[in-house]
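Notes follow the structure.
Both counts, for ligands and for their atoms, begin at 1 and track the order of listing. Atoms considered below: every heavy atom in the structure, side chains included; atoms not considered: hydrogens, waters and symmetry mates.
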Amino acid sequence: MDDIYSLWRYLQEKFQESLSKVSYDTWIDSAVPVRLTDTNIIIEVPSSLHKDYWQNNLMSRIVEGIYEFSGKELTPIFMIKNEEMPDIAKPTIKRTNNNRLFKDAQLNSKYTFDTFVIGKGNQMAHAAALVVAEEPGTIYNPLFFYGGVGLGKTHLMHAIGHQMLQLRPTARVKYVSSETFANDFINSIQNRTQEQFRNEYRSVDLLMVDDIQFFADKEGTQEEFFHTFNALYDERKQIVLTSDRLPNEIPKLQERLVSRFAWGLSVDITPPDLETRIAILRKKANSERLEIPDDTLSYIAGQIDSNIRELEGALVRVQAYSAIQGTDITTSLAADALKSIMPSEKPKALSIYAIQQAVGKYYHVTVEELKGKKRTKGIVVPRQIAMYLSRVMTDNSLPKIGSEFGGKDHTTVIHAHDKIALSVKKDPVLQREIETIQNSLKK
Ligand SMILES: Nc1ncnc2c1ncn2[C@@H]1O[C@H](COP(=O)(O)OP(=O)(O)OP(=O)(O)O)[C@@H](O)[C@H]1O
């Protein structure tokens, strides 16, 4: 194998492409490769939190990356800084016999219903998850969660698994990412172990497949999943799926899968509001036994408003910063710690609320009316314009925009966007009005 530094540089580049800057800075930048052996790579990380994060979230990616770079299957061992070097002869991660590492992914012990904070954006999803855990295979089958990255879809899936096992310890629960499903399937063809693959996937009581948007373009995998789905469904076994979007929005997902996924219940998870973000941080801080004043928690929650994974990353960063400085966590320390990941020169992103205010002002309607349900023309058109502008002028997802307009469905946002986009082309008066509003927002 080439030297450890070239390998690490390759992995860094790979992570840089797939992670946000905050996540990269927090998890990857703080890790140091220490040693390479024939079977392992030893990586030093700053704290047990980092170690957990690597093991739970980045493990399969690093193993894949090493394999891509070197053609070798190495098991990473994480070592906390200043702790004794582990005995590398005894790798902590079990290898399976047919080259399939981490095949039967264990449920993450931290992702339970107890540690899940309920807020407006995930209430429905949480309730549906509980029902499914308690009465699998009966009411919502399949259960389909969709929504943006880092909003708790995986957490809820694992919580279902834990709860089901608590109620029925002998239940067979399987959680896989869609990539693992695809890899297992491909390996079973290569190794001529298809029978075993089918037994494994079709004999469970609960099958959970995460991020199925990655099935797009994988014809053979979709075909196999179709049969897996049917076999389980016919036996009234529970299926839970997640994706970043609705099944009918996943490109190249076979129509028969789309229609099957619609047999059960699809629930979206939208970004948490400020109160929920604070509650999540508080829960996390308590579980890590961190003393953080309320105003500091509010400050951190105010800085990161869309992705809970990044919110947790920010907390770890603040914690690490206070450990390095040897001082208590305060708001000014948090501001310093987060400064580098939120450069002040970065223009503040335009908010949906600012758009609602500008549109309301222009058409003399209130923000409440824009968010409300009244269907009079004087309100409907400005509401659609505000939705249209939220779509074209911000990075917010469709469900998020819908939720900011009084909890409307994302299809309403799509409809509004398409309608205004079409009208603008035909109607020069409307075009000028919209330009004026846009210009007022750019000031
Ligand atoms: N409501 C919540 N309460 C507590 N923690 C949460 C909540 N939602 C998300 N988290 C935490 O945020 C992190 C990211 O969540 P998770 O991995 O479940 O997101 P995801 O929606 O599956 O993202 P992706 O689409 O990237 O797979 C996890 O550490 C999870 O525990």
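For Tyr299, the ring pair (Phe, Tyr, Trp, His ring centres under 6.0 Å) test picks out no residue, with sequence neighbours left out. Take Arg9 and apply the salt bridge (Lys or Arg N to Asp or Glu O under 4.0 Å) test, not counting sequence neighbours, and it matches no residue. In this view, Tyr10 and Phe69 satisfy the ring pair (Phe, Tyr, Trp, His ring centres under 6.0 Å) rule, not counting sequence neighbours.
By the neighbour-count criterion of 12 heavy atoms within 6.0 Å, atom CG of Asp328 is sparsely surrounded, having that number or fewer from other residues, nucleotides or ligands.
When heavy-atom distances to ligand 1 are checked against 4.0 Å, the residues falling inside are Tyr111, Thr115, Phe116, Val117, Asn122, Gly148, Val149, Gly150, Leu151, Gly152, Lys153, Thr154, His155, Asp211, Ile280, Ile308, Arg309, Glu312, ordered by chain and number.
Between Phe261 and Phe229, the ring planes lie tilted relative to each other; the angle falls in the 30° to 60° range.
Annotation: the span from Glu404 atom CD to Asp273 atom CG amounts to 9.5 Å, rounded to 0.5 Å.
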